[in-house]
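Since the structure comes first, as structure tokens, the remarks are kept for the end.
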Amino acid sequence: MILYDMEKAPNARRVRWFLAEKGITVETRQIDLPSGENLKPEYLAINPRGLIPTLVLDDGTVIDESVSICRYFEEVQPEPNLLGFDAKEKALIDCWQRRAELDGLYAVALAFRNSTPVFANRAVPGVLEPTEQLQAMVERGVMLTRRFFDMLDTRLGESEYVGSDRFTIADITAFITLNFARWIKLSPGEQHTNIARWFEAVAARPASKA
Ligand SMILES: N[C@@H](CCC(=O)N[C@@H](CS)C(=O)NCC(=O)O)C(=O)O
């Protein structure tokens with residue numbers, strides 16, 4: 001089994017953190033995104049989408065979505081549970097994981113990819129054709145990221161953790177989104193006191209360094 005990975009990439013980090021929480025070790029291969037190694041024929045033969053992370057099982061099966069990779073390992077090794085125990089908890093964790101990903105992580109990615117010089121003409125991840133950076137998308141990404149901070153703070157005012165009353169995959173995605181937002185020089189404000197309380201607790205987890 002091989003996990004195609006890149007140390008700094010937010011989506012790859014989500015999977016590494018998930019595995020570290022479970023104490024699972026997987027052989028990894030580093031793919032260098034800034035130099036475009038993910039768009040070279042060798043990597044496209046493994047994952048034609050040109051994205052990481054990608055998990056290749058021993059039987060050759062390819063799983064190339066971060067949360068799907070996490071789901072695979074949750075089934076293989078259920079403890080510690082990170083995706084929910086019963087119908088209601090599973091649904092809420094999934095709901096907040098998706099909010100963090102769709103409303104948070106992708107908003108930051110929109111601003112980051114459309115403004116970072118190394119990705120000029122590569123504004124859409126994994127796409128071979130040149131995709132120019134658009135200033136309007138930076139502005140939209142910044143606006144949506146700020147909105148995400150407000151939504152997350154409200155949520156953490158009513159729940160100790162993002163998806164449940166305990167640490168789950170929703171916290172991993174939300175925390176990584178906040179770290180990623182620093183790359184576009186955005187952070188929650190002083191008014192986001194619930195985020196500050198939660199961030200400190202989550203940052204103290206050893207697996208957060210994975
Ligand atoms: N929905 C995918 C997104 C994967 C993704 O966009 N990965 C980025 C790295 S964080 C990537 O591979 N970028 C390729 C590129 O920069 O061309 C997932 O969750 O795995």
Side-chain angles (χ1 to χ4, degrees), residues 1-21 24 26 28-57 61-74 82-83 93-134 137-138 140-141 144-145 148 162-163 168-184 186 208 210:
M1 185 188 295
I2 294 171
L3 178 65
Y4 291 87
D5 184 25
M6 184 189 153
E7 196 192 340
K8 287 190 177 153
N11 284 298
R13 209 184 141 206
R14 293 204 274 168
V15 170
R16 285 203 312 277
W17 187 342
F18 192 93
L19 291 174
E21 292 284 346
I24 297 173
V26 176
T28 59
R29 299 259 163 85
Q30 295 300 310
I31 300 296
D32 187 56
L33 299 184
S35 71
E37 191 182 353
N38 58 311
L39 302 176
K40 296 261 158 55
E42 295 78 14
Y43 186 69
L44 293 174
I46 296 159
N47 180 349
R49 290 170 83 205
L51 298 175
I52 57 144
T54 299
L55 180 70
V56 182
L57 303 182
T61 302
V62 174
I63 308 174
D64 71 348
E65 277 291 325
S66 333
V67 177
S68 313
I69 296 170
C70 293
R71 287 195 179 283
Y72 173 79
F73 285 112
E74 180 95 344
L82 293 168
L83 294 179
I93 292 167
D94 185 56
C95 177
W96 281 98
Q97 194 297 124
R98 288 175 66 84
R99 285 193 190 205
E101 182 177 84
L102 300 172
D103 299 353
L105 193 61
Y106 291 158
V108 179
L110 196 63
F112 175 73
R113 294 296 295 220
N114 281 281
S115 60
T116 304
V118 74
F119 292 120
N121 274 325
R122 285 179 61 197
V124 182
V127 173
L128 276 172
E129 299 80 3
T131 47
E132 66 172 317
Q133 294 176 319
L134 302 172
M137 290 207 168
V138 180
R140 183 63 49 86
L144 293 172
T145 302
F148 174 70
V162 176
T168 69
I169 191 172
D171 298 287
I172 294 178
T173 302
F175 188 95
I176 281 175
T177 297
L178 295 195
N179 269 348
F180 190 20
R182 291 177 178 163
W183 298 9
I184 54 164
L186 287 185
S208 73

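Counting convention: from 1, in listed order, for ligands and their atoms alike. Remember, predicted model here, so these are calculated numbers, not experimental data.
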Please confirm whether Phe112 and Phe180 have ring centers closer than 6.0 angstrom.
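Ring-ring flag for Phe112/Phe180: true, centres closer than 6.0 Å.
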Can a donor-acceptor pair be found, under 3.5 Å and without considering hydrogens, that links the side chain of Asp171 to the backbone of Thr168?
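Judged by distance alone, yes, a pair lies under 3.5 Å.
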Using a 3.5 Å distance criterion without hydrogens, assess whether the side chain of Glu132 forms a donor-acceptor pair with backbone atoms of Ala123.
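Side chain of Glu132 to backbone of Ala123, a donor-acceptor pair under 3.5 Å: no, none is there.
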Do me a favour and list the nearest non-hydrogen protein atom to [atom] with residue, atom name and distance?
{"atom": "atom 10 (S) of ligand 1", "answer": "Asn11 ND2, 3.3 Å"}
{"atom": "atom 18 (C) of ligand 1", "answer": "Ser66 OG, 3.0 Å"}
{"atom": "atom 1 (N) of ligand 1", "answer": "Glu65 OE1, 2.7 Å"}
{"atom": "atom 13 (N) of ligand 1", "answer": "Pro125 CB, 3.5 Å"}
{"atom": "atom 8 (C) of ligand 1", "answer": "Ile52 O, 3.7 Å"}
{"atom": "atom 16 (O) of ligand 1", "answer": "Arg113 NH1, 2.5 Å"}
{"atom": "atom 9 (C) of ligand 1", "answer": "Leu33 CD1, 3.6 Å"}

Using a 4.0 Å cut-off to any heavy atom of Gly50, which atoms of ligand 1 qualify?
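Those atoms are 14 (C).
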Numbering as shown, the atoms of ligand 1 that approach Pro10 to under 4.0 Å (heavy-atom distance):
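Going through ligand 1 atom by atom, the ones under 4.0 Å from Pro10 are 10 (S).
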Candidates Asn11, Leu51, Thr131, Ile52 - the one meeting side chain to side chain contact (heavy atoms under 4.5 Å, CB included) with Pro125:
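That would be Leu51; it is the only one of Asn11, Leu51, Thr131, Ile52 passing the side chain to side chain contact (heavy atoms under 4.5 Å, CB included) with Pro125.
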So among Ile176, Ile169, Leu82, which one has a side chain to side chain contact (heavy atoms under 4.5 Å, CB included) with Trp17?
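So, applying the side chain to side chain contact (heavy atoms under 4.5 Å, CB included) to Trp17 and each of Ile176, Ile169, Leu82, only Ile176 qualifies.
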Between Val56 and Ile46, is there a side-chain heavy-atom distance shorter than 4.5 Å?
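Of all side-chain heavy-atom pairs linking Val56 with Ile46, at least one is under 4.5 Å.
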Set of residues satisfying ring pair (Phe, Tyr, Trp, His ring centres under 6.0 Å) with respect to Phe148, sequence neighbours excluded
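Checked Phe148 against ring pair (Phe, Tyr, Trp, His ring centres under 6.0 Å); zero matches.
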Which one holds for Arg122 and ligand 1: side chain close, backbone close, both close, or neither close, with close meaning a heavy atom under 4.0 Å?
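The part of Arg122 near ligand 1 is the side chain, not the backbone.
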Could a heavy atom of Arg13 be found less than 4.0 Å from some atom of ligand 1?
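Contact check Arg13 vs ligand 1: negative.
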Quick one: does Tyr106 get a heavy atom under 4.0 Å from ligand 1?
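Flag set, Tyr106 near ligand 1.
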Neighbour count >12 (heavy atoms, 6.0 Å) for atom CD, Glu7:
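No, not enclosed.
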Suppose the criterion is salt bridge (Lys or Arg N to Asp or Glu O under 4.0 Å): which pairs have a residue in residues 30-57, not counting sequence neighbours?
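Pairs touching residues 30-57 that pass the test: Arg49-Asp64, Arg49-Glu65.
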Out of Asn38, Ile31, Val124, whose heavy atom is nearest to atom 15 (C) of ligand 1?
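Shortest heavy-atom distance from atom 15 (C) of ligand 1: Asn38.
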